[in-house]
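The model shown is predicted, which means the values in this text are computed figures rather than measured ones.
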Amino acid sequence: MRIFRGFLAVVCFVLGVVSLAVWGASTFIIRSVEDGSMVTAVAEKVVQQPWVTRRIADQAQSAVNAKLAANGVDLASVGLQGTL
């Protein structure tokens, strides 16, 4: 019985330490999300990826081409084709 109580005490102690560590980490994470620093850091890392910038450029180019075509501007006739 004594060994069981000792084991149970160790398990409770470890759970307490882990829960305090998780609580401290979650407080830090929540603060960094609320003040925007984490969101800014994640956005900066994502935008630095080449495939993301390519995708943004492609979508912007498609939107510009569609607006110009809707207004009757033909880029091929003036020699502008592809990415502007």
Asker: Got a second to check how far R31's CZ is from S26's OG, nearest 0.5 Å?
Answerer: 10.0 Å
Asker: How many angstroms lie between atom CD1 of I56 and atom CH2 of W51, to the nearest 0.5 angstrom?
Answerer: 9.0 Å
Asker: Give a yes or no on whether V18 and V10 share a hydrophobic cluster (residues Ile, Leu, Val, Met, Phe, Trp, Tyr; joining criterion: side-chain heavy atoms under 4.5 Å apart).
Answerer: yes
Asker: Tell me the closest heavy-atom pair linking V52 and V47, and the distance in Å.
Answerer: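 Smallest interatomic distance, heavy atoms only, reads CG1-CA, 4.4 Å.
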Asker: Check for me, please, whether V42 and I29 land in the same ILVMFWY cluster - side-chain distances under 4.5 Å, paths through other members count.
Answerer: yes
Asker: Does atom CG of L8 have more than 12 heavy-atom neighbours, drawn from other residues, nucleotides or ligands, at distances under 6.0 Å?
Answerer: yes
Asker: Taking side chain as C-beta onward, heavy atoms only, is Q49 less than 4.5 Å from T53?
Answerer: no
